[in-house]
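Encoded as structure tokens, the structure appears first; notes follow it.
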Amino acid sequence: MKVVAFERQAQGTGASRRMRRAGKVPGIIYGGEQKAQMIELDHNALYHALKKEQFHSSILDLTVGEAQTKVLLKDYQVHPFKPIVLHVDFMRVAADRKITMKVPLHFVGAEESPAVKVEGGMISHVLSELEISCLPGDLPEFIAVDLSGMHKGHSLHANDLKLPGSVTVVTHGTDNPVIATVLTQAAEASAEASAETAAAPEAEKK
């Protein structure tokens, strides 16, 4: 995915405000052996790019003048209640150095699973994304999670996933986290009842 930016000369709060009024977003590129570079980007183009899942979980080709750099989106700030991007950070990546990223999980096959089709259960998605470590060339835009083989009483764990290339799961000390699990109708009813009970005191206060 390609991103176009321009070198930024002016710095400071006042300069950033003038930039935003002109429809630009201040940003920075850092990492690697090069020094940090101040940049600016077109606000509308960046705003729409941020709505795309791919922009958050893939290697980006960032062009500044004649130079093109492989980067990852590391952080961005938005206005508390206005649709305005205030700042964006990109990090350079090297082909031979592993990176750590959170990538989305795409669940497929739930309706074909015995748990849903035959046994009357419902599959709950415990996680919506997974933190992984890999070489930049192996970074997937998403991880497909096949639920078609799930049965009643079963759970799908991180170790059950088929990961490409150098990709490994970063667990932060949690051993083999649950990705998805099958709920029975009784469990669903219990969860709904608990939610209604918890909501009742709040309703009484109002």
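Nothing fancy with the numbering, it's 1 onward along the sequence.
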Item to complete: For Asp61 and Lys70, indicate whether the former's side chain and the latter's backbone hold a donor-acceptor pair under 3.5 Å.
Response: no

Worksheet item: Judged by atom type as modelled, is there a donor-acceptor pair below 3.5 Å linking the side chain of Arg92 to the main-chain atoms of Gly32?
Response: no

Worksheet item: How about Glu141 and Val103: do any of their side-chain heavy atoms sit closer than 4.5 Å?
Response: no

Fill in: Remaining members of hydrophobic cluster (4.5 Å side-chain criterion), Leu86
Ile84

Worksheet item: Are side-chain heavy atoms of Leu139 and Leu72 found at a separation under 4.5 Å?
Response: yes

Worksheet entry | Leu163 vs Val169, side chain to side chain contact (heavy atoms under 4.5 Å, CB included): CA-CA, chis, key distance, verdict | CA-CA 9 Å; Leu163 302 175; Val169 177; 3.6 Å; yes

Discussion item. Using the side-chain contact (heavy atoms from CB on, under 4.5 Å) criterion, which residues pair with Asn176? Sequence neighbours excluded.
Written reply: His157, Ala158, Asn159

Practice prompt. Of all the heavy-atom pairs spanning Leu183 and Ser124, show the shortest one and how long it is.
Written response: CD1-CB, 3.9 Å

Fill in: Sequence neighbours excluded, every pair satisfying ring pair (Phe, Tyr, Trp, His ring centres under 6.0 Å) that has a member inside residues 81-100
His79-Phe81

Worksheet item: Judged by atom type as modelled, is there a donor-acceptor pair below 3.5 Å linking the side chain of Arg8 to the main-chain atoms of Gly27?
Response: yes

Worksheet item: Do Phe55 and Ile143 belong together in a cluster built from hydrophobic side chains that touch within less than 4.5 Å?
Response: no

Discussion item. Counting C-beta onward and ignoring hydrogens, is there a side-chain heavy-atom pair between Thr69 and Val71 closer than 4.5 Å?
Written reply: yes

Worksheet item: Would you call Pro164 and Asp138 a side-chain contact if the rule is heavy atoms closer than 4.5 Å?
Response: no

Tabulate below the donor-acceptor pairs under 3.5 Å that side-chain atoms of residues 35-51 make, not counting sequence neighbours, or state none.
from  : atom 1 : to    : atom 2 : distance (Å)
Asp42 : OD2    : Asn44 : N      : 3.3
Asp42 : OD2    : Ala45 : N      : 2.9
His43 : NE2    : Val85 : N      : 2.9

Response to the item:
Residues passing the ring-ring contact (aromatic ring centres under 6.0 Å, His included) test with Tyr76, sequence neighbours excluded, are His56

Worksheet, complete the sentence: For Val4, the other hydrophobic cluster members (4.5 Å side-chain criterion, sorted by chain and number) are Phe6

Item to complete: Would you indicate whether Lys152, at its atom NZ, is surrounded by more than 12 heavy atoms from other residues, nucleotides or ligands within a distance under 6.0 Å?
Response: no

Worksheet item: Any chain of hydrophobic side-chain contacts (each under 4.5 Å) joining Leu147 to Val182?
Response: yes

Worksheet item: How would you list all residue pairs meeting salt bridge (charged side-chain N to carboxylate O under 4.0 Å, His left out) that involve residues 159-178, not counting sequence neighbours?
Response: none

Worksheet item: Which pairs count as side-chain hydrogen bond (donor to acceptor under 3.5 Å, both in side chains) when at least one residue sits in residues 100-119, sequence neighbours excluded?
Response: Glu53-His106, Glu119-His151

Item to complete: Mind listing the closest non-hydrogen atom pair of Thr181 and Ser155 along with its distance?
Response: OG1-OG, 2.7 Å

Worksheet item: Sequence neighbours excluded, which residues qualify as ring-ring contact (aromatic ring centres under 6.0 Å, His included) partners of Phe107?
Response: His125

Fill in: Single-linkage hydrophobic cluster Ile99~Val88, side-chain heavy atoms < 4.5 angstrom
no

Discussion item. Taking Met101 as the starting point, is it possible to reach Phe142 by hopping between hydrophobic residues whose side chains are less than 4.5 Å apart?
Written reply: no

Discussion item. I need the Lys52 NZ to Ser57 OG distance, nearest 0.5 Å.
Written reply: 13.0 Å

Worksheet item: So, do Leu156 and Val178 sit near enough that their side-chain heavy atoms are less than 4.5 Å apart?
Response: no

Worksheet item: For Lys24, what residues pass the side chain to side chain donor-acceptor pair (under 3.5 Å) criterion, not counting sequence neighbours?
Response: none

Discussion item. Assigning hydrophobic clusters by single linkage (Ile, Leu, Val, Met, Phe, Trp, Tyr; side-chain heavy-atom cutoff under 4.5 Å), is Leu161 placed with Ile123?
Written reply: yes

Worksheet item: Of all residues at least two apart in sequence or in a different chain, which pass the side-chain contact (heavy atoms from CB on, under 4.5 Å) check with Ala94?
Response: Asp96, Arg97

Under 3.5 Å, side-chain donor or acceptor atoms of residues 128-137 against the rest of the protein: list the pairs with distances, not counting sequence neighbours.
from   : atom 1 : to     : atom 2 : distance (Å)
Glu131 : OE1    : His172 : NE2    : 2.6

